[in-house]
Amino acid sequence: MIVVLGGSGYVGSSIVNLLSSQGQDVRVLSRKDCNYYDPASLGEAVGNASFLINAAGYTGRPNVDACEQHKHECLMGNAVLPGVVKEVCESKKLPWVQISSGCIYTGTREDGSGFTESDPPNFSFRYDNCSFYSGTKALGEEVLADAEQCYVLRLRIPFENLDNPRNYLTKLLRYQRLLRATNSLTFLDEFAKSCLYCAESRPEPGIYNVTNTGCVTTDEVVERLKSHGITDKEFEFFDSEEEFMQKAAIAPRSNCVMNNEKAIAAGFPLSYVHDALDLAMSNWISEETSATK
Ligand SMILES: NC(=O)C1=CN([C@@H]2O[C@H](COP(=O)(O)OP(=O)(O)OC[C@H]3O[C@@H](n4cnc5c(N)ncnc54)[C@H](OP(=O)(O)O)[C@@H]3O)[C@@H](O)[C@H]2O)C=CC1
Ligand SMILES: Cc1cn([C@H]2C[C@H](O)[C@@H](COP(=O)(O)OP(=O)(O)O[C@H]3O[C@@H](C)C(=O)[C@@H](O)[C@H]3O)O2)c(=O)[nH]c1=O
């Protein structure tokens with residue numbers, strides 16, 4: 001049995017749907033079911049699972065700005081909880097996935113290439129340059145530095161074919177103005193498949209950048225949204241990151257390029273970012289369409 005903590009959330013529900021569709025025996029755990037911060041209570045709820053996926057955490061709604069006002073929940077969910085899950089999984093000798101984020105980096109390496117798993121985070125409390133959210137995600141990875149049988153999977157700006165306020169494509173369609181940035185992204189379907197891959201095939205445990213190959217600019221993504229007929233909107237852009245910070249954001253955002261070669265070499269099912277965007281956009285289901293179904 002695979003236990004999914006936070007299986008009701010945006011990322012967790014995508015994982016649960018995939019596992020269920022593949023005939024896996026899945027159990028979703030929620031904060032209602034036990035005390036996440038008491039290893040005995042969490043351990044009892046986990047029972048005799050054979051694999052665990054921790055998709056619980058605090059992200060803020062509608063975006064990470066909300067974490068600046070909810071620091072306690074954010075610190076507990078993103079930095080303390082991974083430590084409790086580690087303790088429980090190690091006592092049960094249970095292999096498991098922790099969902100981390102690529103938002104612990106900003107920019108590119110000095111030579112313009114993407115960050116690898118061995119690059120230390122540069123958007124963290126140690127650099128004193130980050131959002132509270134990113135700081136807690138970097139701390140969550142530090143807590144797991146010596147974790148056994150643990151897959152730390154770094155998701156980065158998820159997108160998919162379903163219109164959803166958490167989907168990057170929906171965000172770009174709805175934000176009044178856009179920040180011009182270059183990012184690596186993660187196709188949510190392939191992230192869910194990557195979690196299943198860890199459960200079934202057990203690659204070497206450790207940190208993996210679970211991002212699609214390559215990177216894209218905001219302009220490239222909006223041009224693709226237009227060429228797929230999803231919108232004919234004339235997008236407006238901020239003149240600079242300073243203007244974006246003054247008018248649309250509370251916390252600084254991570255925009256970054258990630259290197260996924262380690263994940264590809266380990267067999268993770270990750271396609272080129274432009275191909276993944278085309279697949280999601282060519283199967284686009286708008287909120288209006290899904291509401292009438
Ligand atoms: N969405 C994104 O853009 C990205 C997300 N991630 C990471 O993926 C994971 C899941 O994110 P996402 O699905 O978007 O988030 P959601 O908020 O949609 O879901 C997270 C779930 O975690 C539980 N939860 C909420 N607050 C807390 C808390 N303070 N402590 C413990 N559990 C809590 C809730 O489940 P319940 O009420 O059932 O307990 C909730 O449904 C997080 O670790 C996040 O950092 C990484 C990169 C990008
Ligand atoms: C608020 C806002 C953001 N943006 C840009 C900034 C950035 O490049 C991109 C995403 O910014 P958002 O504020 O939507 O998302 P943010 O909350 O920063 O997104 C993150 O969520 C958490 C949970 C993660 O772990 C991250 O990996 C990432 O997915 O959109 C705009 O263009 N216009 C806007 O008005």
Side-chain angles (χ1 to χ4, degrees), residues 4-16 28-37 42 45 53-68 70-82 84-85 97-106 123 130-131 133-134 136-138 140-141 152-160 164-186 188 191-192 195 209-211 216-219 221-222 235-238 241 243-245 247-256 258:
V4 183
L5 270 67
S8 63
Y10 177 59
V11 178
S13 58
S14 163
I15 297 168
V16 169
V28 173
L29 277 192
S30 146
R31 285 166 295 170
K32 293 195 294 284
D33 299 316
C34 62
N35 178 356
Y36 275 4
Y37 301 99
L42 180 60
I53 297 171
N54 180 20
Y58 188 82
T59 56
R61 292 276 152 107
N63 57 37
V64 297
D65 278 337
C67 296
E68 306 295 317
H70 295 95
K71 290 185 172 161
H72 177 77
E73 294 95 312
C74 189
L75 189 66
M76 293 300 282
N78 299 337
V80 177
L81 180 60
V84 184
V85 177
V97 163
Q98 166 65 27
I99 303 186
S100 186
S101 175
C103 73
I104 58 179
Y105 294 99
T106 181
F123 197 66
C130 63
S131 63
Y133 172 78
S134 289
T136 61
K137 292 302 282 185
E141 287 205 4
V152 176
L153 304 188
R154 290 174 175 163
L155 169 66
R156 175 71 193 144
I157 314 191
F159 67 92
E160 58 169 330
N164 183 300
R166 311 287 294 196
N167 177 349
Y168 179 56
L169 303 180
T170 302
K171 287 183 172 191
L172 293 185
L173 289 166
R174 293 191 190 165
Y175 282 141
Q176 279 188 344
R177 287 174 81 182
L178 300 182
L179 174 71
R180 285 199 155 92
T182 302
N183 275 298
S184 292
L185 307 175
T186 305
L188 192 54
F191 186 81
C195 293
N209 293 340
V210 184
T211 54
V216 280
T217 62
T218 314
D219 289 87
V221 182
V222 299
F235 288 92
E236 288 184 32
F237 291 86
F238 293 104
E241 194 150 349
E243 191 192 14
F244 166 69
M245 284 303 299
K247 297 190 174 155
I250 297 169
R253 292 305 198 275
S254 143
N255 289 290
C256 68
M258 314 277 290

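Just so you know, ligand 1 is whichever comes first in the structure, and atom 1 is the first atom listed for that ligand.
- Residues Gly6 and Tyr36 approach most closely at N-OH, 3.7 Å, considering heavy atoms.
- Between the side chain of Thr186 and the main chain of Arg156, a donor-acceptor pair closer than 3.5 Å is present.
- Atom 6 (N) of ligand 1 has its nearest heavy-atom neighbour, among Phe159, Tyr133, Phe191, in Tyr133.
- What sits closest to atom 19 (O) of ligand 1 on the protein, heavy atoms only, is Gly9 CA, 3.2 Å.
- What sits closest to atom 15 (O) of ligand 2 on the protein, heavy atoms only, is Lys171 NZ, 3.1 Å.
- Shown in contact with Tyr37 at under 4.0 Å from a heavy atom are these atoms of ligand 1, numbered in order with element: 30 (N), 31 (C).
- For atom 33 (N) of ligand 2, the closest heavy atom belonging to the protein is Arg177 O, 2.9 Å.
- Shortest non-hydrogen contact noted between Cys130 and Ser134 is CB-CB, 4.1 Å.
- Note: Tyr58 and His70 have tilted aromatic rings, judged against thresholds of 30 and 60 degrees for the angle between ring planes.
- In this structure, the side chain of Thr136 does not engage the main chain of Ala79 through any donor-acceptor pair within 3.5 Å.
- When the salt bridge (charged side-chain N to carboxylate O under 4.0 Å, His left out) test is applied to Glu243, the partners found at least two apart in sequence or on another chain are Arg177, Lys247.
- Interface atoms of ligand 2 facing Leu178, defined by a heavy-atom separation under 4.0 Å, are 32 (O).
- With rounding to the nearest 0.5 angstrom, the CE atom of Met245 is 11.0 Å from the CZ atom of Phe238.
- In the vicinity of Pro158, heavy-atom distances shorter than 4.0 Å reach the ligand 2 atoms 29 (O).
- Near Thr59, meaning under 4.0 Å from any of its heavy atoms, are these atoms of ligand 1: 11 (O), 14 (O), 15 (O), 17 (O), 44 (C), 45 (O).
- The shortest N or O to N or O distance between Lys137 and ligand 1 is below 3.5 Å.
- The shortest N/O to N/O separation between Arg31 and ligand 1 falls below 3.5 Å.
- The shortest heavy-atom contact between Gly77 and Pro82 is O-CD, 3.8 Å.
- In this structure, atom 31 (C) of ligand 2 is in close contact with the protein, since a protein heavy atom lies within 4.0 Å of it.
- Of the polar atoms of Ser100, none of the N or O atoms is found under 3.5 Å from an N or O of ligand 1, judged by distance alone.
- When every heavy atom of Cys67 is checked against every heavy atom of Gly60, the shortest pair comes out as SG-N, 3.8 Å.
- In summary, the atoms of ligand 2 found under 4.0 Å from a heavy atom of Thr59, numbered by their order in the structure, are 23 (C).
- From the protein, the heavy atom lying nearest to atom 3 (O) of ligand 1 is Pro158 CD, 3.1 Å.
- The shortest contact between atom 7 (C) of ligand 1 and any protein heavy atom is with Ile99 CG2, 3.7 Å.
- The two residues Leu188 and Ser14 come nearest to each other via the heavy atoms CG-OG, 3.5 Å.
- Evaluated by nearest non-hydrogen atom to atom 18 (O) of ligand 1, the leading choice among Glu73, Arg61, Arg166, Gln98 is Arg61.
- Among Ile99, Val28, Val97, the single residue meeting the side chain to side chain contact (heavy atoms under 4.5 Å, CB included) criterion with Ile15 is Ile99.
- Each of the atoms 22 (O), 32 (N), 43 (O) of ligand 1 lies under 4.0 Å from some heavy atom of Ala56.
- Checked against side-chain contact (heavy atoms from CB on, under 4.5 Å), Ser101 has the following partners two or more places apart in sequence or in another chain: Cys103, Tyr133, Lys137.
- Interface atoms of ligand 2 facing Ser101, defined by a heavy-atom separation under 4.0 Å, are 24 (C), 25 (O), 26 (C), 27 (O).
- In terms of protein heavy-atom proximity, atom 5 (C) of ligand 2 is nearest to Leu179 CB, 4.3 Å.
- Taking every heavy atom of Ala55 and a limit of under 4.0 angstrom, the matching atoms of ligand 1 come to 9 (C), 10 (C), 20 (C).
- What sits closest to atom 11 (O) of ligand 2 on the protein, heavy atoms only, is Arg253 NE, 3.9 Å.
- In terms of protein heavy-atom proximity, atom 9 (C) of ligand 2 is closest to Tyr168 CE1, 4.0 Å.
- A donor-acceptor pair under 3.5 Å links the side-chain atoms of Asn167 to the main chain of Leu169, judged by distance alone.
- When only non-hydrogen protein atoms are considered, atom 23 (C) of ligand 2 lies nearest to Tyr133 OH, 3.3 Å.
- Here OG1 of Thr218 is found 10.5 Å from CZ of Phe235. Values are rounded to the nearest 0.5 Å.
- Listed by atom number, the atoms of ligand 1 under 4.0 Å from Gly77 heavy atoms are 30 (N).
- At a cut-off of 3.5 Å, with distance as the only test, a side-chain donor of Gln98 or Asn54 sits close to an acceptor on the other residue.
- For atom 12 (P) of ligand 2, the closest non-hydrogen atom on the protein side is Tyr175 OH, 3.5 Å.
- The single protein non-hydrogen atom nearest to atom 17 (O) of ligand 2 is Val64 N, 3.0 Å, given as residue, atom name and distance.
- For Lys32, no nitrogen or oxygen atom sits less than 3.5 Å from a nitrogen or oxygen atom of ligand 1, counting backbone and side chain alike.
- Heavy-atom proximity to Asn63, at under 4.0 Å, picks out these atoms of ligand 2: 1 (C), 13 (O), 17 (O).
- Counting heavy atoms only, Leu155 comes closest to atom 5 (C) of ligand 1 of the residues Asn63, Leu155, Ile15.
- What sits closest to atom 13 (O) of ligand 1 on the protein, heavy atoms only, is Val11 N, 2.8 Å.
- Some N or O of Asn255 is nearer than 3.5 Å to an N or O of ligand 2, by distance alone.
- When atom types are taken as modelled, the side chain of Ser254 and the backbone of Tyr105 share a donor-acceptor pair closer than 3.5 angstrom.
- Remark: the backbone N or O of Arg154 is not paired with any side-chain donor or acceptor of Asn209 at under 3.5 angstrom.
- Listed by atom number, the atoms of ligand 2 under 4.0 Å from Arg156 heavy atoms are 26 (C), 27 (O).
- Across Val11, Leu153, Val4, a single residue satisfies side chain to side chain contact (heavy atoms under 4.5 Å, CB included) together with Cys195, and that is Leu153.
- Of all heavy-atom pairs spanning Ala138 and Ile104, the tightest one is N-CG2, 3.5 Å.
- The nearest heavy-atom contact from the protein to atom 35 (O) of ligand 1 is Ser8 OG, 3.5 Å.
- The closest approach between any non-hydrogen atom of Ser131 and ligand 2 is not below 4.0 Å.
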